[in-house]
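Just so we're clear, the structure is a prediction, and the values are computed from it rather than from any experiment.
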Amino acid sequence: MIYNTGIIFSWISFVLLVILFFNKKEIYTEILVRLNLFVQVFLFCLLEIGLFLNDFSISYIANYSAESTPPLYKFASLWGSLDGSILLWNLCLSFFMYLYLKSYKDLSSDIDIKIFSLIMIFFVGYTVFSSSPFAGCIELAAVGCNNSSLLPFQELVTSNIGRGPNPLLQNHPLMAIHPPMLYIGYVGMTMPFVAATSRLYSKKQNANDWIEVAEKTTYIPWLFLTIGITLGAAWSYEVLGWGGYWAWDPVENVSFIPWLLATAFLHSAKIQKSQNTLLNWNYILVGLMFLSTIFGTFVTRSGVLISVHAFSNGNIGTYLLFGMILFGIIFIVIGSKNVEYFSNSKKIDNWFGKAGFFVYNNIFLFSSALVIFIGTIFPLIYETLYDRQITIGRSYYDILVGPLLVILLGLMIFSNKLTIKNLNINKWFKENMILINSSLAISILTLLTFDNSYILVVTVAVSFMLILITVNNLFKNFRKSKINKTYWTGQIAHLGIAIFAFGIILNVSQSYSTEKEINSFEEFTFNDQTYFVYDSIEESFPEKNVIKLPISNQNTTKYTSLNIFNNSSQQAISSPAVFRTFINDVYITVKFIDENSYKLIVRNNYGIFIMWIGLFVSSISFVPRLSKNEK
């Protein structure tokens, strides 16, 4: 029932999109968009019903869910592997196409909906012709399904039990939230791409109309990418048990690249609107933002790079490469037809005014994205040429990306009062002398408090300078009606980044770890605190067995644990015991248990809570945009 219905409605969705692409009557456009959205919502709900009914005649459910899977993770199993994640991708695309139709559509042309429908045909076509989450199981494996059919009305076989989700995806509630946030961010980059290409293809009299729509439609995916990346870092810290939050893993990198490009575009778009400059550069950024999301999906889903996040199946890599080439050609052809328009871009006269600073901002943001892209893709190129695998270590990213981001932090200091004309640096220093001296005093205090290095002192000084200047500026201008919403959004985002930078430099420069071998009912001292280790506790759940080790200090008791999942060949997953304070976390994981003897990894992680505060502040930068009246 679910298998046949899902296959048939997937075909219906594909046919609706093809009709929408060739449709020439405006009266039918909204009807077709609404119908497509309804079908995608229906398919999403249908697969969720199958997951909760444990319909193991469907290959995807047999391989990525189990009767013992808890409800939250059973729900999240829909995006636990390739086929289901593409279904979620298609649902997000359908929502964004409807949002675009109602709020941003070019009323003088239907080319934007045609481009949007072409993108949807590409992704829905994959689920119809190559790999559907509704494919029926026609050959059983020892556990789950070994072979499946994309055709309806086949004779199916049913697995007795399912394999269950990847253990890493069912060990923390954040995995029910983190991937959808990233998908919304990825898919949302379609809107500025459609706005730019369609309006420039139409060559309207108001040529700069595309930048208005592209900027408005970029902020939504930028916000969700920010939230998704933040939740991913929290998941890594809380679940993987290695004590970190960002490992420059390929899949982490490919989520960061579109975020950096979108951040650059949100800044440079303002200059185009106010000074009619950077026209061609903004068009390039819009194209790269969209193509980088397909590249990110290629890396995540094709299996060409090794990652804790990645999973692969079938020919998705080749299919996505074809998509990048196809949409890249569309982007280049439309751009080449607007050479005359781009040639009208005005030159920047004031390199120390608003335009100049935003250009510097774009240079460093784009350079960071390029460095990360090269570090991510180089192992693949090397393996192709020399048939040998290599990895790019975090030192490459820390050495090259770190200084670029510190320079960006410095540029933000001047963002609160930038004018079109060149900045009067003497006047600026006089106006902010007290705040500058205060930040220098804090950096000197840091020298006396922590193990110091030049990068710590510089980052702390710049971070606090930005924090103090931004807070002072917000306080002074809070009641001024002439300050617009986008200004407040930018200032709040900058404040969050400054707080985050202070936390991250503390974490990178001050954290340390050690190993402890200890028996039950013994204590150890770490960071001037005494910790007592109790005897381990074994607990059994339908989906896993857990060995918990209680550890207490003078104030509280926490549990570090080993999680051993059923139907999984992976090693046990270690969950940490985290003793939190504002300045630092004591982060304890158990790596080995032998009767009453334990091997513990104990870390002193500085700045973690401060980082989360900074990321939270940046994530709520959208609040000023909720105001109904643009000021």
Side-chain angles (χ1 to χ4, degrees), residues 89 92-93 96-97 99-100 104 112 115-116 118-120 122-123 181-201 210-229 251-273 278-300 320 323-335 338 342 358-359 361-374 376-377 408 490 493:
W89 187 284
C92 294
L93 261 179
F96 278 123
M97 183 159 67
L99 174 65
Y100 186 93
Y104 306 109
D112 46 4
I115 294 175
F116 223 127
L118 179 63
I119 295 169
M120 276 221 67
F122 174 78
F123 284 101
M181 295 295 104
L182 280 183
Y183 288 178
I184 294 171
Y186 276 158
V187 177
M189 294 299 177
T190 307
M191 291 197 295
F193 178 81
V194 168
T197 52
S198 63
R199 281 165 169 78
L200 288 175
Y201 179 87
W210 72 271
I211 196 69
E212 297 275 355
V213 180
E215 183 196 22
K216 290 178 181 177
T217 54
T218 297
Y219 186 74
I220 299 171
W222 178 89
L223 174 64
F224 279 99
L225 275 178
T226 303
I227 296 171
I229 291 170
V251 177
E252 294 173 338
N253 293 350
V254 297
S255 67
F256 197 29
I257 290 171
W259 186 90
L260 289 168
L261 296 173
T263 303
F265 175 72
L266 287 172
H267 287 80
S268 60
K270 291 177 173 55
I271 299 304
Q272 179 173 337
K273 291 197 303 180
L278 303 177
L279 276 64
N280 50 353
W281 173 244
N282 281 326
Y283 181 71
I284 291 171
L285 280 179
V286 167
L288 292 179
M289 282 154 48
F290 174 67
L291 294 175
S292 68
T293 63
I294 300 181
F295 168 73
T297 310
F298 166 75
V299 169
T300 310
L320 289 171
M324 279 192 283
I325 294 171
L326 171 64
F327 298 120
I329 290 173
I330 292 172
F331 169 73
I332 292 170
V333 169
I334 293 176
N338 286 271
F342 292 131
F358 276 32
V359 169
N361 160 286
N362 269 234
I363 290 171
F364 289 112
L365 283 169
F366 181 78
S367 298
S368 300
L370 182 62
V371 167
I372 294 169
F373 173 78
I374 292 171
T376 303
I377 203 68
L408 276 168

Between the CD1 atom in Ile184 and the CG atom in Leu223, the distance rounded to the nearest 0.5 Å is 10.0 Å
Please check if atom OH in Tyr219 has more than 12 non-hydrogen atoms from other residues, nucleotides or ligands closer than 6.0 Å.
yes
Of the non-hydrogen atoms in Pro258 and Met189, which two are nearest, and what is the gap between them?
O-CE, 4.0 Å
Closest non-hydrogen atom pair between Ile372 and Leu260, with its separation
CD1-CD1, 3.7 Å
Are Phe290 and Phe331, when compared by the centres of their aromatic rings, separated by less than 6.0 Å?
no
Using 30° and 60° as the class limits, which term best fits the ring planes of Tyr186 and Trp89: parallel, tilted or perpendicular?
tilted
Could you measure the distance from the CD1 atom of Ile284 to the CG atom of Leu279? Nearest 0.5 Å is fine.
11.0 Å
Within this structure, what is the CD1-NZ distance for the pair Ile211 and Lys273, rounded to the nearest 0.5 Å?
8.0 Å
Quick check on side chain to side chain contact (heavy atoms under 4.5 Å, CB included): which of Thr190, Thr217, Ile220 does Phe96 satisfy it with?
Ile220
Between the side chain of Asn253 and the main-chain N/O of Thr376, is any donor-acceptor distance below 3.5 Å?
no
Positive for ring-ring contact (aromatic ring centres under 6.0 Å, His included) with Trp281, one of Phe342, Phe366, Phe265, Phe358:
Phe366
Tightest non-hydrogen contact, residues Tyr201 and Ile334, listed as N-CG2, 3.9 Å
Kindly indicate whether the side chain of Ile119, heavy atoms from C-beta on, has any atom under 4.5 Å from the side chain of Val194.
yes
When rounded to the nearest 0.5 angstrom, what is the spacing between CG in Leu320 and CZ in Phe123?
6.0 Å
What class does the angle between the rings of Tyr100 and Tyr104 fall in, given that below 30° is parallel, 30 to 60° is tilted and above 60° is perpendicular?
tilted
Verdict with reasoning, Phe295 to Ile377, per side chain to side chain contact (heavy atoms under 4.5 Å, CB included)
CA-CA 10 Å; Phe295 168 73; Ile377 203 68; 3.5 Å; yes
Any donor-acceptor N/O pair, Asn362 side chain to Ala264 backbone, under 3.5 Å
yes
Does a side-chain heavy-atom distance below 4.5 Å link Leu285 with Leu278?
no
So, taking the atom named CZ in Phe327 and the one named CD1 in Ile332, what distance separates them when rounded to the nearest 0.5 Å?
13.5 Å
Would you confirm whether Lys270, through its side chain, and Leu266, through its main-chain N or O, come within 3.5 Å as a donor-acceptor pair?
yes
Quick one: closest heavy-atom pair of Ser292 and Leu261, and the distance?
OG-CD1, 4.1 Å
Chi angles and distances behind the side chain to side chain contact (heavy atoms under 4.5 Å, CB included) call for Gln272, Trp210:
CA-CA 11 Å; Gln272 179 173 337; Trp210 72 271; 3.6 Å; yes
Rounded to the nearest 0.5 Å, what's the gap from CD1 on Ile363 to OG on Ser268? Could you check?
11.5 Å
Taking all non-hydrogen atoms of both residues, which atom of Asp112 and which atom of Ser198 are closest, and how far apart?
CB-OG, 3.2 Å
Kindly give the heavy-atom pair with the smallest separation between Gly228 and Met181, and that separation in Å.
CA-CB, 3.7 Å
